[in-house]
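Any value given below was found using the heavy atoms of this structure, including those in side chains, with hydrogens, waters and symmetry copies removed. The first residue in the sequence is number 1, and the count goes up from there.
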Amino acid sequence: MTNNTLTDSKAMNTQGGDNPIANEPNANETLQPLVSSLEAIKAIYLGVDDLKVAASILFNAYVDDPLFTDIFQAEKEGYESRLRSAIREELNAFWVAEQPIVGLFDGERLLAVACLTAPDAAFGSGRYWHWRLRMLLTAGLFGTKQMLEKEEKVRALVPAVNFHMLSFIAVHPDYQHHGLGHTLLGAIDSVVEEDAKSEGVAVFVTIAKHKPFFNDDSYDVVGELSLSHVKGEVMFRRKPA
């Protein structure tokens, strides 16, 4: 997508199937420097073949995030394995439920990714049974309960009924500081604005330095939230009238 307009050249495949992103590659492998201008970057709905790289990009972005180190108990052995498994299951759930997964591409290279929950509460708080089972087996009971609790508490603070939830957003570490984060926010805005049901988009921010990034795109703080040992703020961007 150029100029924040999603294209359909990689339209979202609706065939979920069994987990398509097991054994994702390392995001640091065989990557080249960013060579295209921002005008050449395209924002496209991810295809099933992109999910392995997306999982690796997300893992690198969230491995030190205070919310996830708390939920998946970084002090205990196997933390990285639990987090990788949880991210794979989340992406698989988004794919099966046909939720928006948007990527920024430089040619065929996936540089950044964002996962949104559409204004359908059944995907959020309901979480169908096989997602719960997979998450229990991979991330454990505590992690699964914490993930669901986070969604419920964040939704309760948003001043809207029907809205998108930004669950994950990440730029590959090798391609940061090129303006891709703001380009990705523009793509997210396009997804939200094209959905007649959506009143806006919400995100839970646990790292203070990330707040100005969202502020720049008209996200406002709508509430504070504590989850276990982690405090953060729920931010909401209301769709322009």
Side-chain angles (χ1 to χ4, degrees), residues 1-8 11-12 38 41-46 54 58 61-62 65-68 90-91 93-94 97-104 112-127 147-171 176 179-227 230-241:
M1 174 187 70
T2 304
N3 298 326
N4 304 333
T5 303
L6 290 172
T7 68
D8 60 2
M12 187 180 294
L38 283 179
I41 299 298
K42 293 183 178 180
I44 301 170
Y45 288 116
L46 265 60
L58 292 175
Y62 285 95
D65 185 282
L67 179 62
F68 289 92
E90 280 287 275
L91 277 175
F94 274 84
E98 301 178 39
Q99 301 298 293
I101 311 175
V102 180
L104 295 185
V113 62
C115 301
L116 292 141
T117 302
D120 178 1
F123 178 71
S125 59
R127 291 292 194 178
M147 291 283 282
L148 293 169
E149 180 185 356
K150 181 200 76 165
E151 289 187 358
E152 293 284 355
K153 289 187 174 182
V154 169
R155 287 180 178 278
L157 289 172
V158 177
V161 176
N162 297 307
F163 57 93
H164 283 76
M165 181 82 74
L166 178 55
S167 297
F168 294 106
I169 181 169
V171 176
Q176 293 177 2
L180 294 177
H182 288 287
T183 301
L184 190 53
L185 282 183
I188 292 166
D189 295 344
S190 293
V191 172
V192 174
E193 289 165 13
E194 290 169 6
D195 189 329
K197 297 178 295 183
S198 184
E199 300 173 54
V201 56
V203 62
F204 181 45
V205 180
T206 58
I207 300 176
K209 68 179 182 180
H210 293 167
K211 282 179 56 181
F213 170 70
F214 290 104
N215 279 143
D216 288 346
D217 194 44
S218 301
Y219 283 74
D220 296 315
V221 174
V222 294
E224 296 183 351
L225 180 61
S226 294
L227 289 170
V230 178
K231 294 182 178 180
E233 293 176 308
V234 178
M235 303 184 73
F236 183 61
R237 181 187 189 274
R238 188 170 294 278
K239 184 165 69 174

Take F214 and I169, measure what side chain to side chain contact (heavy atoms under 4.5 Å, CB included) needs, and give me the verdict at the end.
-> CA-CA 11 Å; F214 290 104; I169 181 169; 4.3 Å; yes
Report the distance from atom CE of M165 to atom CZ of F236, rounding to the nearest 0.5 Å.
-> 10.0 Å
Separation between CD of E90 and SG of C115, rounded to the nearest 0.5 Å | 8.5 Å
Can you say whether the rings of Y62 and F68 are parallel (under 30°), tilted (30 to 60°) or perpendicular (over 60°)?
-> perpendicular
Passing option when R237 is tested against D216, D220, D189 for salt bridge (charged side-chain N to carboxylate O under 4.0 Å, His left out) | D189
Ring-face cation of R238 near F163 (centre distance under 6.0 Å, axis angle within 45°) = no
Apply side chain to side chain contact (heavy atoms under 4.5 Å, CB included) to D195 and N162, showing your working.
-> CA-CA 10 Å; D195 189 329; N162 297 307; over 6 Å; no
Test log, rule side chain to side chain contact (heavy atoms under 4.5 Å, CB included), inputs V102 and I188 = CA-CA 8 Å; V102 180; I188 292 166; 5.7 Å; no
Please assess E199 against V158 for the test side chain to side chain contact (heavy atoms under 4.5 Å, CB included), listing each intermediate value before the final yes or no.
-> CA-CA 10 Å; E199 300 173 54; V158 177; over 6 Å; no
Between [Y] and [X], is there a side-chain heavy-atom distance shorter than 4.5 Å?
X	Y	result
M235	N215	yes
Y45	V191	yes
D65	T206	yes
L185	F213	yes

Report the residue from V205, V201, V192 that forms a side chain to side chain contact (heavy atoms under 4.5 Å, CB included) with L166.
-> V201
